[in-house]
Chemist: 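One structure follows; several queries about it will come next.
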Amino acid sequence: MDFSNGKSLVFFLNTGSDFDLLNAEIQKASQVFILADENTAVHCVTSLQPFIDCTYHLITWKVGEPNKTMDAAMHVWAELTKHEADRNVLLINVGGGVIGDIGGFAAGCYKRGIRYIQLPTSLLAMVDSSVGGKTGVDFNGFKNHIGLFNSPSHVFVHLPFLKTLPPRELLSGFAEVVKHYLIADKKAFLELATPSFELKKVNWLASVQKSIAIKSKIVEEDYLETNARKSLNFGHTLGHAIESFYLDNELNRFLHGEAIAVGMVAESYLSYHFGLISEKELSVITSCLRKLFPLQPLPETDFKSIISLVAQDKKNSAGQNRFTLLKGIGNYSVNHSVEEYLMQEALRYFNLQIV
Ligand SMILES: NC(=O)c1ccc[n+]([C@@H]2O[C@H](COP(=O)([O-])OP(=O)(O)OC[C@H]3O[C@@H](n4cnc5c(N)ncnc54)[C@H](O)[C@@H]3O)[C@@H](O)[C@H]2O)c1
């Protein structure tokens, strides 16, 4: 198995016999550890029990982005150490993107690396974060500041987990589906943009498969993000800055996908400004995102602080920010440097569109 180029094997767990492969992986391990958060331990680990053929150590961690910290990784390392885990143990991450990112990072560092599997439980984790090997934790208020490229050996997608996912979380995950379509599949995006489209009519199996296929192809082409993989950052430069800025704000916290939805509107405006999409395309994208996501205006007094966080973006190079923008719907253009006044203009455009 090659762990170095992001080619994780992705399987869908539908029937009891689909779990045979997971169990075969489990049998190879000296011990099995399951990492879950306080919600997924109850809703998801319990429902897996009848299908999993082993005894395991359950490691639980606190819920949500504010807990995606070094403390989380240290907790995993402490539990592995307590149970004398050797390098042949298997860590299975049963959770959303937060648990997947923590577990993948912790697995990559423990004794210089142990095998791990992603068992994503949120839509976002199924369509995006469990694929591609980016792992890490937030640090000093900066998103994903400490981390590793470290691919799981396998990703097992079990769609019934979505039944207990809160609707707001489902919608947040859908933002990454929309992003995949915007950068790589015009036809699929235009279907979302039709007036008759409704989230409740979505065929989840088809959507998750399509999104994973888009992301996997990009990651296989450019695992270490020198070019094509930057396309996945569309909406994420301003989106991450917004998510980070409101991370400590209990009243106004954005879920990851909600912040990315705002970022996609603002960065579509930038794409229009640079002549990469037409006014008509900007309008189609904006109306579609406005229809799908319950977006709220951002206080203009927060703009400066949000924009200052772009200086910490991991894509920056030689002191310059590097935005990924759209080049028409279904295509992208990377490495755009954007001046502060334009970022202000893009956020102002977002506010004007959603009132
Ligand atoms: N590594 C990557 O490539 C990548 C890509 C995109 C996003 N991310 C990261 O992913 C994170 C966001 O992931 P997320 O949206 O899954 O957040 P999350 O992990 O916090 O999960 C969302 C919420 O849903 C709950 N939950 C998850 N599955 C459930 C289920 N089946 N039933 C009931 N409750 C459930 C969780 O307990 C949590 O409260 C962010 O930290 C983001 O940076 C990483």
Side-chain angles (χ1 to χ4, degrees), residues 1-36 40-41 43-59 76 80 85-97 99-108 110 113-135 149-165 173 203-217 219-220 223:
M1 181 109 16
D2 185 357
F3 293 88
S4 65
N5 66 356
K7 277 189 196 164
S8 310
L9 300 171
V10 181
F11 298 93
F12 282 74
L13 297 173
N14 299 319
T15 63
S17 62
D18 291 338
F19 284 85
D20 290 351
L21 185 57
L22 174 59
N23 282 316
E25 288 306 310
I26 283 173
Q27 296 315 318
K28 293 181 199 160
S30 55
Q31 292 187 77
V32 176
F33 292 81
I34 292 185
L35 174 65
T40 59
H43 294 293
C44 307
V45 177
T46 339
S47 70
L48 282 176
Q49 263 159 10
F51 301 106
I52 289 191
D53 198 5
C54 69
T55 53
Y56 55 82
H57 303 286
L58 179 63
I59 308 175
V76 176
L80 293 170
D86 61 23
R87 294 185 68 190
N88 295 317
V89 300
L90 173 66
L91 178 68
I92 306 178
N93 300 324
V94 181
I99 284 298
D101 281 9
I102 295 167
F105 171 63
Y110 182 78
I114 55 171
R115 202 159 55 95
Y116 81 101
I117 282 175
Q118 297 286 36
L119 238 158
T121 63
S122 69
L123 178 62
L124 186 138
M126 290 177 190
V127 299
D128 193 356
S129 62
S130 63
V131 178
K134 278 192 183 176
T135 70
F149 283 95
N150 178 33
S151 291
S153 65
H154 295 72
V155 180
F156 290 99
V157 178
H158 184 52
L159 288 174
F161 283 150
L162 295 181
K163 286 184 195 150
T164 55
L165 188 69
N203 174 338
W204 288 114
L205 178 61
S207 298
V208 172
Q209 280 175 333
K210 194 188 285 253
S211 259
I212 291 177
I214 291 173
K215 179 154 183 189
S216 301
K217 186 166 174 282
V219 169
E220 279 180 31
Y223 182 49

Chemist: Quick one: CD on Glu25 to OH on Tyr116, what's the gap to the nearest 0.5 Å?
Modeler: 14.0 Å
Chemist: Please name all residues satisfying salt bridge (Lys or Arg N to Asp or Glu O under 4.0 Å) with Asp101, sequence neighbours left out, ordered by chain then number.
Modeler: Lys68
Chemist: Please name all residues satisfying side chain to side chain contact (heavy atoms under 4.5 Å, CB included) with Ser17, sequence neighbours left out, ordered by chain then number.
Modeler: Thr15, Asp20
Chemist: Can you give me the closest heavy-atom contact between Ala36 and Leu58, atom names plus distance?
Modeler: CB-CD1, 4.3 Å
Chemist: With Ser47, which residues qualify under side chain to side chain contact (heavy atoms under 4.5 Å, CB included), at least two apart?
Modeler: Phe161
Chemist: For Val157 and Pro120, work out which heavy atoms get closest and say how close.
Modeler: CG2-CG, 4.3 Å
Chemist: Roughly how far apart are Leu35 CG and Leu119 CG, rounded to 0.5 Å?
Modeler: 11.5 Å
Chemist: Could you give me the CA-CA distance, side-chain angles and deciding distance for Met126 and Leu159, then say whether side-chain contact (heavy atoms from CB on, under 4.5 Å) is met?
Modeler: CA-CA 9 Å; Met126 290 177 190; Leu159 288 174; 3.9 Å; yes
Chemist: Within this structure, what is the OG-NZ distance for the pair Ser151 and Lys134, rounded to the nearest 0.5 Å?
Modeler: 11.5 Å
Chemist: Tell me, with the steps shown, if Phe33 and Ile114 meet side-chain contact (heavy atoms from CB on, under 4.5 Å).
Modeler: CA-CA 11 Å; Phe33 292 81; Ile114 55 171; over 6 Å; no
Chemist: Evaluate the ring planes of Phe19 and Phe51, with Trp represented by its six-membered ring, and classify them as parallel (under 30°), tilted (30 to 60°) or perpendicular (over 60°).
Modeler: parallel
Chemist: Side chains of Asp128 and Ser211: closer than 4.5 Å at any heavy-atom pair?
Modeler: no
Chemist: Nearest heavy-atom pair of Ala206 and Asn203: which atoms, and what distance?
Modeler: N-OD1, 3.0 Å
Chemist: Report all side-chain donor-acceptor pairs from residues 85-95 shorter than 3.5 Å, counting only partners two or more places apart or in another chain.
Modeler:
from: Asp86; atom 1: OD1; to: Ser30; atom 2: OG; distance (Å): 2.7
from: Asp86; atom 1: OD1; to: Asn88; atom 2: N; distance (Å): 2.8
from: Asp86; atom 1: OD1; to: Val89; atom 2: N; distance (Å): 3.4
from: Asp86; atom 1: OD2; to: Ser30; atom 2: OG; distance (Å): 3.4
from: Arg87; atom 1: NE; to: Lys111; atom 2: O; distance (Å): 3.1
from: Asn93; atom 1: ND2; to: Gln118; atom 2: OE1; distance (Å): 2.9

Chemist: List for me each residue that meets side chain to side chain contact (heavy atoms under 4.5 Å, CB included) alongside Phe11, sequence neighbours excluded, and say none if there are none.
Modeler: Leu9, Leu21, His154, Phe156
Chemist: Phe12 versus Leu205: any side-chain heavy-atom pair under 4.5 Å?
Modeler: yes
Chemist: State, to 0.1 Å, how close Ser129 and Gly97 come at their nearest heavy-atom pair, and which atoms those are.
Modeler: OG-CA, 3.3 Å
Chemist: What heavy-atom pair brings Ser130 and Ala125 nearest, and what distance separates the two atoms?
Modeler: OG-O, 2.6 Å
Chemist: Do Tyr56 and Leu48 pass the side-chain contact (heavy atoms from CB on, under 4.5 Å) test, and can you show the C-alpha distance, the side-chain angles, and the key distance before you say yes or no?
Modeler: CA-CA 12 Å; Tyr56 55 82; Leu48 282 176; over 6 Å; no
Chemist: Check whether Thr46 reaches the backbone of Ala41 with its side chain - one donor and one acceptor, N or O, closer than 3.5 Å.
Modeler: yes
Chemist: Between Asn150 (side chain only) and Phe105 (backbone N and O only), is there a donor and an acceptor less than 3.5 Å apart?
Modeler: no
Chemist: Between the side chain of Ser216 and the main-chain N/O of Ile212, is any donor-acceptor distance below 3.5 Å?
Modeler: yes
Chemist: Do the side chains of Leu123 and Leu162 get nearer than 4.5 Å, heavy atoms only?
Modeler: yes
Chemist: Output yes when a side-chain donor or acceptor of Arg115 lies under 3.5 Å from a complementary backbone atom of Lys28, and no otherwise.
Modeler: no
Chemist: Who pairs with Gln27 by side chain to side chain contact (heavy atoms under 4.5 Å, CB included), at least two apart in sequence or on another chain?
Modeler: Asp53
Chemist: Only one of Ile117, Ile99, Ile52 forms a side-chain contact (heavy atoms from CB on, under 4.5 Å) with Ile34, so which one is it?
Modeler: Ile52
